[in-house]
Number of protein chains: 2
Amino acid sequence: MAERGYHHGDLPATLVRTAMEMLAEDGGAELSLRAVARRAKVSPAAPYRHFPDRMALLSAIAAVGYRELLADLTARQPEPKTADDLADLAVAYVDFALARPGLFRVMFAEGCDRTSPDRVAAVAAIHAFLAAVVERAMRTDDPAAVATGMWALVHGLAFLHLDGKLDAEPAAARTARVRATVAAMLSARTR
Amino acid sequence: MAERGYHHGDLPATLVRTAMEMLAEDGGAELSLRAVARRAKVSPAAPYRHFPDRMALLSAIAAVGYRELLADLTARQPEPKTADDLADLAVAYVDFALARPGLFRVMFAEGCDRTSPDRVAAVAAIHAFLAAVVERAMRTDDPAAVATGMWALVHGLAFLHLDGKLDAEPAAARTARVRATVAAMLSARTR
DNA sequence: GTGCGGATGTGAGTGTCGTCAACATTGCGG
DNA sequence: CCGCAATGTTGACGACACTCACATCCGCAC
């Protein structure tokens, strides 16, 4: 934690932390490498000693985001069993996206390195968690497909809300709507 | 269509068309206003006579994209009635996203003007189409929620595929998977 | 026809960005 | 204690979005 000096101590972690602060403060703005360096009291070129380019920093941020998203989900429902628990998870997912839009967009942006081991592992963990939930809470003969579908459902809800494609509404109303949507999808039958 | 001359004839439409060509050719690249102007054989400042800023051009492009997406959907299934027809629409939605990733990302990007009448109308048209489909093909006591859910489901599938969060696979396998996912979601029951 | 005004396109300029190369400083192993 | 690799800085380049003063041209009144 040596604050001053020519050398920094742990610049990579500081950059990631700083960048996440900036995303939290202004989720809509472009996250420029220079701005992050400025805020970290470091020259614009310093980050290049630790990240090959801007996307690499964004990928590192995304990896942290995946872990925090998974933590949010498991914190809300460590052992989901019922359809209601499932709806809780959907609400948690959408809440995460709307509470931290900048981070969420970095996590699911184009151009990020699809093959970074951190990212792949984190995404796999989310998928595995969802699959386990579905196994426990749903009755279906294609659990993998339902797990994918549930992920797509909450992911789509999150993005549609984020992009203002659904009517803007206060958080409580949104929670109710997410719940209703999940419930309706799970009880709808073909004609 | 006067090709030469100081004045252009219809620069706004030319810019939108040119930009969409560029998105089609390289869906992953950033669409810079200067590059579009260059390709349209026009100075970098010319677009500003017709669009207040870059986002306005992107919004115009997005509006066209919405119309084309809706056209794709209705072309595939003008009068969907069965669950299978619904799955066809899901496939068409995901196909659109993967066939024209650049355009799809512009359509659902942050920063675009949420309040542009064109955009709002186009989005409403898609939602209305979906609602009508659900009304016809599904049995549920909350058709609006199911319509939102179906949109979120296909939208989420599209984005997860686009971002490589699901295993990459050839188009035929993807089609089968989208079908299976929709079918599984519609037949899954809570335990 | 002629000329004039507004619409449209141009050129040069500002500030920011990502990235790089050459140089400066420092911590650490021999 | 010294030298080297790791780390940070400075200055630069090209591209970008956007602005403003200026150039050109179309359409319309007369």
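Each chain gets a letter, A, B and so on, in the order its sequence line appears, and its residues count up from 1. Values reported hereafter were calculated over all heavy atoms of this structure, with side chains retained and with hydrogens, waters and symmetry mates removed.
If you take CG of Leu11(A) and P of dG8(D), they are 5 Å apart, rounded to a whole angstrom. One atom, CG of Asp10(A), and another, P of dG27(C), lie 15 Å apart when rounded to the nearest Å. The distance from atom CZ of Arg49(A) to atom P of dA21(C) is 11 Å, rounded to the nearest whole Å.
Under the salt bridge (charged side-chain N to carboxylate O under 4.0 Å, His left out) criterion, the residue pairs touching residues 147-173 of chain A are Arg105(A)-Asp163(A), Glu169(A)-Arg177(A), with sequence neighbours excluded. Sorted by first then second residue, the side-chain hydrogen bond (donor to acceptor under 3.5 Å, both in side chains) pairs that include residues 136-145 of chain B, not counting sequence neighbours, number zero.
Distances shown here put a side-chain N or O of His50(A) below 4.0 Å from the OP1 or OP2 atom of dG8(D).
By the salt bridge (charged side-chain N to carboxylate O under 4.0 Å, His left out) test, Glu135(A) pairs with no residue at all, sequence neighbours left out. Residues forming a salt bridge (charged side-chain N to carboxylate O under 4.0 Å, His left out) with Arg54(B) (at least two apart in sequence, or on another chain): Glu30(B). The salt bridge (charged side-chain N to carboxylate O under 4.0 Å, His left out) search around Arg174(A) returns Asp95(A), not counting sequence neighbours.
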(message) What does the B/S/- profile of nucleotides 12-18 of chain D look like, 5' to 3', with a 4.0 Å heavy-atom cutoff to protein?
(response) B---SBB
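Phe108(B) and Phe104(B) have tilted rings, their planes meeting at an angle from 30° to 60° on a 0 to 90° scale.
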